[in-house]
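Below is one structure, written out as structure tokens, with a few remarks after it.
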Amino acid sequence: MKKLIFVPVLAVTMLLTLAGCNKILDTDNPSHTTDELYNSKAGLDRLLTDIYSKLRNHYNEGKIQYWGTDLYMAAEANPDANMFNAYDASFNSTAGVVGGYWNNLYKMVQESNIILTRLKPDWEGVTQADYNTMVAEAKFLRTLSYFYLTETFGKVPLIKEEQLQPITEVTQEPEANLYSFMIAELESIKNVLPVKSAARGRINNAAVLQLLGKLYLSRAYKPFKEATDFNKAASYFDLIIDDAGKPYELLPNFASVFDENNQNNREVIFAVQYAADRNYNGDGNPLQRMFGFCLTCFYPDMFIEVQKDYSYMQREFWINPKAHELYTDPSIDSRYDATFERSFLINDPSNADFGKLGLYFPVWNDNSGDNK
């Protein structure tokens, strides 16, 4: 019985002791927010940053974007992969990769709607330029979300205002209406933002024109196309190409576009950003390792995992032959070797052939007779 009495007394003693230590209990939780925060420009600025950060989640979820396409296929065998690779009789919306993709995009829609519903031009500290810029960014991000929703799922709910209560019933909007909405949204904000972003990773007018052109180009292949879609798409792309200031142009060397030491170069209109501080990156950008194969799994006697080189690749997606065949003649097309890693040097210092060629892939249509 003494044990039964002793435990709660000890607990009370510990609570009393902790209560007396203000330094322990006086904590600050900067991530905690209340709804009231979003009734200020500072709060909506934080919300806008969160929408930008959700683009990482979107582009990092490659499975629903790459499985079952002309260029890629799943490198694993499970029910979800089989659904998307073969589009067999099991294909349905319960696939595990669907929910997260859908939810993230509609979170971006909801947060954009909060900005567009609440922001007022007469708020303290909000200039007309501030108001116009934030509205343009929110409309772009909402439109981008709906573009991926529409292209992935077809008819989806069109929600244009902040939702304060749980949604229990929705109507699927026809694709034609969704495209009309998206195009009208971007037409209303073209030329509002600067041609080149003041800060890396922020939307600019070139990104607006590019997405607007892409919407017209995509609609031109739909049953509900309009006769002027191709011409309008070309006109918006030409505005970027022919800009007198030439803020964007093709780099002379194709490989330099993807050089990690040459990020945000003159060929990049808009790119999702990652910081040097891992605390702000989540799991980081995984795309650099998804399209290879596990060297350390297949050749453990030659390769060890070193994050700074190719050995960190994982087998997330197989590259279909079609991706190679797009380069008709690799011998005269420098983009081929800039796209595909073909020579892998042994990186295990304990291997007698450390530093020498360990694995080699010829070009897809090789007839050189090279014995490598």
Side-chain angles (χ1 to χ4, degrees), residues 27-61 64-65 92-126 130-189 192 202-203 208 211 215 272 282:
T27 60
D28 176 36
N29 182 1
S31 66
H32 176 71
T33 61
T34 64
D35 184 70
E36 186 63 27
L37 176 68
Y38 302 129
N39 292 325
S40 66
K41 181 180 182 298
L44 293 186
D45 279 334
R46 290 175 63 177
L47 191 62
L48 188 60
T49 300
D50 187 69
I51 305 173
Y52 276 111
S53 72
K54 283 182 169 57
L55 286 173
R56 297 175 182 172
N57 299 335
H58 172 75
Y59 291 112
N60 287 0
E61 182 48 81
I64 202 168
Q65 300 180 57
N92 67 87
S93 62
T94 64
V97 296
V98 173
Y101 188 86
W102 171 282
N103 291 341
N104 187 66
L105 288 169
Y106 267 111
K107 284 178 183 177
M108 291 172 61
V109 169
Q110 166 71 341
E111 292 183 6
S112 300
N113 284 340
I114 292 174
I115 295 172
L116 295 168
T117 301
R118 298 196 188 190
L119 181 64
K120 300 293 185 290
D122 57 355
W123 276 2
E124 182 180 353
V126 177
D130 292 334
Y131 176 81
N132 293 342
T133 296
M134 189 172 285
V135 166
E137 288 184 271
K139 283 191 172 186
F140 177 95
L141 291 165
R142 182 172 67 177
T143 300
L144 185 63
S145 303
Y146 271 118
F147 175 70
Y148 285 113
L149 284 165
T150 304
E151 285 301 294
T152 305
F153 301 107
K155 296 187 295 183
V156 296
L158 178 57
I159 302 170
K160 297 185 284 186
E161 295 183 351
E162 176 186 2
Q163 301 301 302
L164 299 174
Q165 301 296 328
I167 300 175
T168 58
E169 186 176 343
V170 294
T171 301
Q172 291 179 310
E173 196 73 26
E175 268 192 82
N177 294 354
L178 289 163
Y179 262 85
S180 295
F181 168 75
M182 291 187 288
I183 287 172
E185 286 286 278
L186 294 190
E187 289 282 7
S188 73
I189 62 169
V192 171
R202 298 203 80 118
I203 301 302
V208 173
L211 182 55
L215 286 168
V272 177

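Electrostatic pairing of E137 and R202 counts as a salt bridge here, judged by a charged N lying under 4.0 Å from a carboxylate O. Checked for salt-bridge contact, K155 and E175 miss the test: no charged N lies under 4.0 Å from a carboxylate O. Under the 4.0 Å criterion applied to side-chain N and carboxylate O atoms, K41 and D45 are assigned as salt-bridge partners.
When atom types are taken as modelled, the side chain of N113 and the backbone of I159 share a donor-acceptor pair closer than 3.5 angstrom. The backbone N or O of L158 lies less than 3.5 Å from no partner atom in the side chain of K160, so there is not a single donor-acceptor pair. Panel note: side chain Q163, backbone E161; a donor-acceptor pair is recorded below 3.5 Å. Side chain of N104 to backbone of K54: a donor-acceptor contact under 3.5 angstrom is found.
For the atom pair CG of L144 and CG of L211, the computed distance is 6.0 Å after rounding to the nearest 0.5 Å. Distance CZ/F147 to CG/L105: 11.5 Å, rounded to 0.5 Å.
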CA sep, side-chain torsions, deciding dist, call: I115, L141, side-chain contact (heavy atoms from CB on, under 4.5 Å): CA-CA 11 Å; I115 295 172; L141 291 165; over 6 Å; no
Please assess Y52 against V272 for the test side-chain contact (heavy atoms from CB on, under 4.5 Å), listing each intermediate value before the final yes or no. CA-CA 8 Å; Y52 276 111; V272 177; over 6 Å; no
Using the side-chain contact (heavy atoms from CB on, under 4.5 Å) rule, take I189 and T143 through it: C-alpha gap first, then chi angles, then the decisive distance, then the call. CA-CA 11 Å; I189 62 169; T143 300; over 6 Å; no
List the steps and the verdict of side-chain contact (heavy atoms from CB on, under 4.5 Å) for V98 and F153. CA-CA 10 Å; V98 173; F153 301 107; 3.8 Å; yes
Could you go step by step and tell me if Y148 and Y59 meet the side-chain hydrogen bond (donor to acceptor under 3.5 Å, both in side chains) rule? CA-CA 11 Å; Y148 285 113; Y59 291 112; 2.9 Å; yes
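Among I51, L149, N103, the one residue that satisfies the side-chain contact (heavy atoms from CB on, under 4.5 Å) test with M108 is I51.
By the 30° and 60° cut-offs, the orientation of the rings of Y101 relative to H58 is tilted.
With contacts defined as side-chain heavy-atom distances shorter than 4.5 Å, the pair S112/F140 does not qualify.
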